[in-house]
Amino acid sequence: MAQLSILCYPDPRLHTVARPVQAVDARIKQLIADMFETMYAASGIGLAATQVNVHERLIVMDVSQEHDQPLVLINPEITWASPETKLNEEGCLSVPGIYDGVQRSLAVTVRALDEHGQQRSIEAQDLLSICIQHEMDHLLGKVFVEYLSPLKRNRIKTKLVKARRESAS
């Protein structure tokens, strides 16, 4: 396993729309293992392949406190989303240190392949539902700060670019 580099906003590669995974083969299984290692090392609860500059429809997540409930979603599709929504504070490994409110459906049903290539359907609510919606946005080339006002988004962009410049010098 290897830790992968996580792209940071405003990197334009984060806006790439992911293509479907063609086969759950050894390459994808290695990518899954590397993504879990990367996510856990960064203290995250979800990671989309887009965030590690692999533009395929693959998400790993684990919303458990003990990091013992890994979940893999390959080629995920939300088949149902509750009309009820809630404003939740979100953060993102690609937008380090930034947290803000995003309106999301309270519950979703998602259909996807698992790490063995088996089709499954998952009914999710609460944190898992939020995480699925957040990570699926990444597969569509969308970062959570795009739900914020242009003013907030520009402030975040300026702050992150400045922090990156300072850490590079």
Side-chain angles (χ1 to χ4, degrees), residues 6-21 24 32 35-36 38-40 42-52 54-157 159-160:
I6 298 173
L7 300 177
C8 283
Y9 183 80
D11 191 308
R13 295 172 290 181
L14 288 168
H15 299 295
T16 304
V17 175
R19 64 187 179 282
V21 170
V24 181
I32 290 167
M35 286 175 63
F36 270 119
T38 303
M39 180 188 76
Y40 288 135
S43 300
I45 61 169
L47 186 66
T50 300
Q51 293 175 271
V52 294
V54 177
H55 303 286
E56 294 180 76
R57 295 184 57 77
L58 168 62
I59 295 168
V60 300
M61 58 184 70
D62 187 342
V63 298
S64 69
Q65 292 288 331
E66 301 77 24
H67 299 275
D68 62 354
Q69 296 174 26
L71 179 62
V72 174
L73 300 175
I74 300 170
N75 298 334
E77 293 176 57
I78 292 177
T79 57
W80 176 82
S82 70
E84 301 84 24
T85 62
K86 182 180 177 194
L87 186 66
N88 302 283
E89 185 156 286
E90 293 186 21
C92 180
L93 295 177
S94 291
V95 192
I98 305 295
Y99 300 88
D100 213 317
V102 177
Q103 198 81 25
R104 303 258 186 211
S105 292
L106 285 175
V108 296
T109 302
V110 63
R111 182 178 56 222
L113 300 177
D114 65 15
E115 64 272 25
H116 307 292
Q118 301 299 307
Q119 185 78 241
R120 60 188 299 190
S121 182
I122 298 164
E123 293 179 16
Q125 51 195 2
D126 303 319
L127 183 58
L128 182 58
S129 171
I130 295 162
C131 190
I132 288 170
Q133 293 171 78
H134 176 108
E135 299 307 332
M136 286 190 64
D137 275 352
H138 280 298
L139 300 181
L140 298 172
K142 190 168 187 174
V143 181
F144 91 95
V145 296
E146 292 171 42
Y147 288 101
L148 308 177
S149 72
L151 178 63
K152 274 189 179 179
R153 198 168 44 246
N154 285 331
R155 283 184 178 159
I156 290 166
K157 189 183 296 187
K159 180 180 179 176
L160 293 174

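The structure displayed is predicted, hence computed values, not measured ones. Note: hydrogens, waters and symmetry copies are ignored here, and every other heavy atom, side chains too, is used.
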Fill in: Shortest non-hydrogen separation from Leu14 to Cys8 and the atoms involved
CD1-C, 3.7 Å
Worksheet item: Judged by atom type as modelled, is there a donor-acceptor pair below 3.5 Å linking the side chain of Glu56 to the main-chain atoms of Ala49?
Response: no
Worksheet item: Measuring from Arg111:CZ to Trp80:CH2, what's the distance to the nearest 0.5 Å?
Response: 15.5 Å
Worksheet, complete the sentence: For Pro10 and Lys157, the nearest pair of non-hydrogen atoms, with its separation, is CG-CG, 3.6 Å
Worksheet item: Shortest non-hydrogen contact from Val24 to His116?
Response: CG1-C, 4.4 Å
Worksheet entry | Cationic tip of Lys142 above Tyr147 ring, under 6.0 Å, 45° of axis | yes
Discussion item. Restricting to non-hydrogen atoms, name the atom on Arg13 and the atom on His55 that form the minimum distance, rounded to 0.1 Å.
Written reply: O-CE1, 3.2 Å
Fill in: Validation row: Val63, Asp126 side chains within 4.5 angstrom (heavy atoms)
no
Worksheet item: Is the backbone of Val143 close enough, under 3.5 Å, to the side chain of Asp137 for a donor and an acceptor to pair up by distance?
Response: no
Discussion item. With a sphere of 6.0 Å drawn around CD of Gln119, does it hold more than 12 non-hydrogen atoms of other residues, nucleotides or ligands?
Written reply: yes
Worksheet item: What's the spacing between Leu93 CG and Leu7 CG if we round to 0.5 Å?
Response: 11.5 Å
Worksheet item: When you measure from the side chain of Asp100 to the backbone N and O of Ile98, does any donor-acceptor pair fall under 3.5 Å?
Response: no
Worksheet entry | Exercise: identify the closest heavy-atom pair between Cys131 and Ile45 | SG-O, 3.7 Å
Fill in: Which atom of Ala48 lies closest to which atom of Met35, heavy atoms considered
C-CE, 3.6 Å
Worksheet item: Side chains of Ser121 and Thr109: does their closest heavy-atom pair fall under 4.5 Å?
Response: yes
Worksheet entry | Donor-acceptor contact below 3.5 Å, side chain Ser82 vs main chain Leu106 | yes
Worksheet, complete the sentence: CG of Leu87 to CD of Gln103, rounded to nearest 0.5 Å, is 5.0 Å
Fill in: Interatomic spacing from CD in Gln65 to NE2 in His67 - rounded to 0.5 Å
7.5 Å
Response to the item:
Rounded to the nearest 0.5 angstrom, the CD-CD1 distance for Gln125 and Ile130 is 11.0 Å
Discussion item. Checking side-chain contact (heavy atoms from CB on, under 4.5 Å) between Ser94 and each of Val145, Asp11, Ile6, Val52, which is the one that passes?
Written reply: Ile6
Worksheet item: From Asn154 CG over to Lys159 NZ, what is the distance, rounded to the nearest 0.5 angstrom?
Response: 14.5 Å
Item to complete: Decide yes or no for Leu139 and Pro76: does some side-chain heavy atom of the first lie under 4.5 Å from some side-chain heavy atom of the second?
Response: yes
Item to complete: For residues Met136 and Arg57, determine if any side-chain heavy atom of one lies less than 4.5 Å from a side-chain heavy atom of the other.
Response: yes
Fill in: Close side-chain approach of Met61 and His134, heavy atoms under 4.5 Å
no
Worksheet item: Is the shortest heavy-atom distance from the side chain of Leu71 to the side chain of Leu128 under 4.5 Å?
Response: yes
Worksheet item: Between Ile32 and Ile74, is a side-chain contact (heavy atoms from CB on, under 4.5 Å) present by the stated rule, with each step listed?
Response: CA-CA 10 Å; Ile32 290 167; Ile74 300 170; 4.2 Å; yes
Practice prompt. Please state whether the rings of Tyr40 and Phe36 are parallel, tilted or perpendicular, taking 30° and 60° as the class boundaries.
Written response: parallel
Discussion item. With a sphere of 6.0 Å drawn around CD of Glu146, does it hold more than 12 non-hydrogen atoms of other residues, nucleotides or ligands?
Written reply: yes
Fill in: Side-chain touch Arg104/Ser129, heavy atoms, less than 4.5 angstrom
no
Worksheet item: Can you find a heavy atom in the side chain of Val21 that is under 4.5 Å from one in the side chain of Leu113?
Response: no
